[in-house]
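Fair warning: this is a prediction, and the values are worked out from it, not measured in the lab. Below, all heavy atoms of this structure are taken into account, side chains as well, without hydrogens, waters or symmetry copies.
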2 protein chains.
Amino acid sequence: MPMVKKTLKQRIVDASVVLFQQDGYHNVTVDRIVEYIGASKGGFYHNFKSKDELLYEIHDVFISYVIKQSQEAYDKYNTPITRLCAMLQTLTKVFDMYQAHITVFYEESRSLPEEYSEIIHEKRDQYRDILQKVIEEGQQTKDFRTELPCTIVTMAIVGMINWTYKWFKQSGPLTMEEITEVFTDMVLRAIVTEQAMDEAVQFMVKGEPAVETGFINT
Amino acid sequence: MPMVKKTLKQRIVDASVVLFQQDGYHNVTVDRIVEYIGASKGGFYHNFKSKDELLYEIHDVFISYVIKQSQEAYDKYNTPITRLCAMLQTLTKVFDMYQAHITVFYEESRSLPEEYSEIIHEKRDQYRDILQKVIEEGQQTKDFRTELPCTIVTMAIVGMINWTYKWFKQSGPLTMEEITEVFTDMVLRAIVTEQAMDEAVQFMVKGEPAVETGFINT
DNA sequence: AAGTTAATACCGACTAGTCGGTTTGTTTTA
DNA sequence: TAAAACAAACCGACTAGTCGGTATTAACTT
């Protein structure tokens, strides 16, 4: 295992994500970031043109990864149902790992200067388009119900998944695997046609749920 | 129609909600708020102890209204399915009207000082609890599938609904009524048991979807 | 009714502090 | 030895909140 020394730039990004998630972009000063990792302001501005550029970096790393993973999930399978399941799996997994990034992504993008936010918005749309494409193709093959407008279905799924960043706690009683399983079940039941339900049942929840423990946030 | 003159306090709140939604709490200065409505800084601090207190006011007005409406929807009906449908209806309607408030509520609550945020978090949990209660009761009556953990189901629904504030545009091609109908359909199909499906079908989408037009944001 | 006091609502110049960014200086590396 | 990487002191713009003041209305006194 090559224990490579992390560059200052990487340390800045890592620390910033955590701090931004905790307290929000505007409540975290550059001074605090560099103090947190025992560096200096000079080092910061040597690596970043501005605080905004750092924010952009965080956004871009995350959304680029999401797109890459989504596309891979799409390419790996060849039916709408398996593709959808793979994407749900992939996305929740990413959301498990990158929760801090996501929080920053969905709450601080307003602070991005226009030059940056244009790029980010485009990529964010790409992410949605991949999912929407799966839904559309499923409707064409009659795997998915055509009574439901695919834009709304897409956004319903996106909302369900994205919102996890607001309430999921890695230290909480629920694992992301459980959540994924339930989400998948719900989505499939909601949109798969009767004729295609045969293929879908294998991805659904079996048996009784685990004991409900504790409670969680909004 | 009694054309009551709006108080300065109300004008400040109204303007702030719009400005905060657009640019975020930290990107809107007190000076800008008062300039926007043609008032003064003195007037502002006569009505509010601080900028934070104004933010709290906006939060509280919104979440209190949501709780009130949710509770009313619950009380008005007496079966899990009808209650659930009524709550979905109510919530999306509220979200249609109060989109600016919601944006502030879900994106700026971090900036609330602890004294305020405690109260708000409590109320936010109340909102979720009302919905979760409906799901739980539905599972007890076997109207809803017991294989699905009710906390996850609740948060899936909350996420689906809440996320609308991120992408729904009143000027866009989709109306909130359409969206509500599709959401209701999806949720019911996802969680209602076969034996109770008879009661649920009346709330579901009939026929083909409207023509898909344009596209929307994440 | 007139005069007096008091409370409320609002104004706007000013201040103290904060924070992103710069400049200058020092160390490390290739 | 020169350039890259980092450190530390500094600057200027910005902003939440203050404070002395004014206008308006209500309440009380004589």
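- Nearest-nucleotide positions on DNA chain D for A:Lys9 and B:Thr29 put A:Lys9 closer to the 5' end.
- A cation-pi contact, defined as under 6.0 Å to the ring centre and within 45° of the axis, is absent between B:Lys93 and B:Tyr98.
- Comparing C:dC11, D:dA8, D:dA16 against the side chain of A:Ser40 picks out D:dA8 as the nearest.
- Rounded to an integer number of Å, the gap from NE2 of A:His26 to P of D:dA16 is 12 Å.
- In this structure, the nucleotide among C:dC10, D:dC6, C:dG21 sitting nearest to the side chain of A:Leu8 is D:dC6.
- Rounded to an integer number of Å, the gap from B:Gln10 CD to C:dA9 P is 15 Å.
- Between C:dC10 and B:Asn47, a contact under 4.0 Å exists linking OP1 or OP2 to a side-chain N or O.
- Counting to the nearest Å, the C1' atom of D:dA5 and the CD1 atom of A:Ile12 are 11 Å from each other.
- When rounded to the nearest whole Å, the span between OH of A:Tyr25 and P of C:dC19 equals 13 Å.
- Nearest-nucleotide mapping onto DNA chain C: of B:Arg11 and B:Asp31, the residue sitting toward the 5' end is B:Arg11.
- The base of C:dG20 lies close enough to the side chain of A:Lys41 for a donor and an acceptor atom to sit less than 3.5 Å apart.
- Whole-Å rounding puts the A:Arg32 CZ to C:dC19 P distance at 10 Å.
- For A:His46, the listed nucleotide lying nearest its side chain is D:dA4; candidates were C:dA9, D:dA7, D:dA4.
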Run A:Tyr25 and A:Asp52 through side chain to side chain donor-acceptor pair (under 3.5 Å) and show every step you take. CA-CA 10 Å; A:Tyr25 181 66; A:Asp52 288 338; 2.7 Å; yes
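- Both tests do not hold together for B:Lys166 against A:Tyr106: distance to the six-membered ring centre under 6.0 Å, angle to the ring axis within 45°.
- No contact: B:Val34 has no heavy atom under 4.0 Å from any strand.
- Computed from coordinates, the B:Asn27 CG to D:dA16 C1' distance equals 15 Å when rounded to whole Å.
- The interatomic distance linking A:Asp23 (CG) with C:dC19 (C1') rounds to 16 Å, in whole Å.
- Judged by the 6.0 Å and 45° rule, A:Arg83 forms a cation-pi pair with A:Tyr74.
- Between A:Tyr165 and A:Phe95, the gap from one ring centroid to the other reaches at least 6.0 Å.
- Rounded to an integer number of Å, the gap from CZ of A:Phe44 to P of D:dA9 is 19 Å.
- Distance from the side chain of B:Tyr45 is smallest for D:dA16 among the nucleotides C:dG20, C:dC10, D:dA16.
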